[in-house]
Number of protein chains: 2
Amino acid sequence: MGVTQTHLFTEEQNQIAHLAKAIAHPARIAILQHLIKSKSCINGDLVLEIGLAQATISQHLRELKEAGLIQGSIEGTRVNYCIHPEKWSALKSLFQDFFESYSDCCEPTC
Amino acid sequence: MGVTQTHLFTEEQNQIAHLAKAIAHPARIAILQHLIKSKSCINGDLVLEIGLAQATISQHLRELKEAGLIQGSIEGTRVNYCIHPEKWSALKSLFQDFFESYSDCCEPTC
DNA sequence: TTTATTCATTGCAATATTACGATAAATAAG
DNA sequence: CTTATTTATCGTAATATTGCAATGAATAAA
């Protein structure tokens with residue numbers, strides 16, 4: 001137990017849940033918002049901006065990278081992280097479709 | 001440790017993260033999709049539809065209820081669960097704004 | 001070369017999540 | 001009243017997440 005039974009669900013259900021999990025932490029939202037605001041930014045900025053330890057930020061960045069939402073390019077001793085445009089679009093579409101599958105079709109009956 | 005430092009983040013960041021967490025499990029996505037499809041439905045249906053144990057489904061339903069995304073009304077021995085329309089709208093708006101804060105403003109620089 | 005800077009990784013502790021059997025609570029059916 | 005049926009809750013085990021200090025790896029600066 002303690003492990004999600006992904007085989008019980010559709011590809012789409014797992015995909016939505018997986019991407020939701022990637023953004024299911026305020027630090028990761030803060031990171032994404034900061035990347036959006038400053039277009040591209042370096043890891044050190046984030047440690048100052050957010051009050052978490054460097055190791056913790058690095059871990060959150062890795063999770064976002066593994067989900068495909070951001071990408072990083074090495075620039076000397078620094079790393080330039082930014083939003084992955086295509087993946088962001090895909091995320092947006094996936095969630096939009098999911099959210100609209102309700103408002104399109106349904107009226108509450110209880 | 002192991003506890004999220006919510007005080008470091010804005011209300012909005014915590015809100016988005018919290019709602020993302022509520023839908024960050026394929027079983028909960030499956031439940032929401034089923035509620036959407038069948039407009040209103042009972043718990044027992046979900047146990048059959050999804051392959052998880054009754055106690056597990058009940059737990060997921062509670063999490064969705066705590067996030068405000070669904071509501072349940074007792075009907076005999078059964079409970080009629082359905083999407084909470086206002087909360088669903090709020091969720092949709094919150095995420096839409098978040099997603100569009102990127103595509104509105106930014107071109108990748110790396 | 002030596003030293004500093006930046007970021008990733010490792011290892012660990014605390015806590016949260018996922019899943020389920022067992023059981024309780026409430027109503028319906030007999 | 002007795003017996004299902006349905007759902008919630010409790011307890012527990014397995015695993016995942018969060019956070020950080022310490023350390024490593026790589027480049028830049030001196």
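Throughout, a chain's letter reflects where its sequence line sits, starting with A, and its residues are numbered from 1.
- Among the atoms of the strands shown, base atoms are found under 4.0 Å from some heavy atom of B:Thr56.
- Positionally, the nearest nucleotide of DNA chain C for A:Arg78 lies more toward the 5' end than for the other of B:Arg28 and A:Arg78.
- Counting non-hydrogen atoms under 4.0 angstrom, A:Ile57 reaches nothing in the nucleic acid.
- Between the side chain of B:Glu100 and the backbone N or O of B:Asp97 there is no donor-acceptor pair closer than 3.5 Å.
- Of the candidate nucleotides C:dA19, D:dA21, C:dA28, C:dA19 has the atom lying nearest to any side-chain atom of A:Gln5.
- The CG atom of A:Leu52 sits 13 Å away from the C1' atom of D:dT17 (whole-angstrom rounding).
- Side chain of A:Ile42, nearest nucleotide from C:dC20, C:dC7, C:dT9: C:dC7.
- Considering only side-chain atoms of A:His25, the nucleotide from C:dT17, C:dA19, D:dG19 that sits closest is D:dG19.
- Distances were taken from every side-chain heavy atom of A:Gln59 (C-beta onward) to each of D:dC20, D:dT17, C:dA22; the shortest belongs to D:dC20.
- Across all strands, B:Glu63 comes closer than 4.0 Å only to sugar-phosphate atoms, never to a base (heavy-atom distances).
- Residue-level contact check: A:Ala53 touches the backbone only, with heavy atoms under 4.0 Å from sugar-phosphate atoms and none from bases.
- A residue-by-residue look at B:Asn43 and A:Thr77 shows that B:Asn43 has its nearest nucleotide of DNA chain D further toward the 5' end.
- Judged by distance alone, the side chain of A:Ser38 and the main-chain N or O of A:His34 form a donor-acceptor pair under 3.5 Å.
- If you measure from atom CD of B:Gln54 to atom P of D:dT7, you get 8 Å, rounded to the nearest angstrom.
- Contact of the B:Ser73 side chain with the B:Tyr81 side chain is not registered, since no non-hydrogen atoms from C-beta on lie closer than 4.5 Å.
- The phosphate of D:dA8 (OP1 or OP2) has no side-chain N or O of B:Arg62 nearer than 4.0 angstrom.
- Take the nearest nucleotide of DNA chain C for A:Thr4 and for A:Val79: the residue whose nucleotide is more 5' is A:Val79.
- Between B:Trp88 and A:Phe99, the ring planes lie perpendicular to each other; the angle is over 60°, past the 30° to 60° tilted range.
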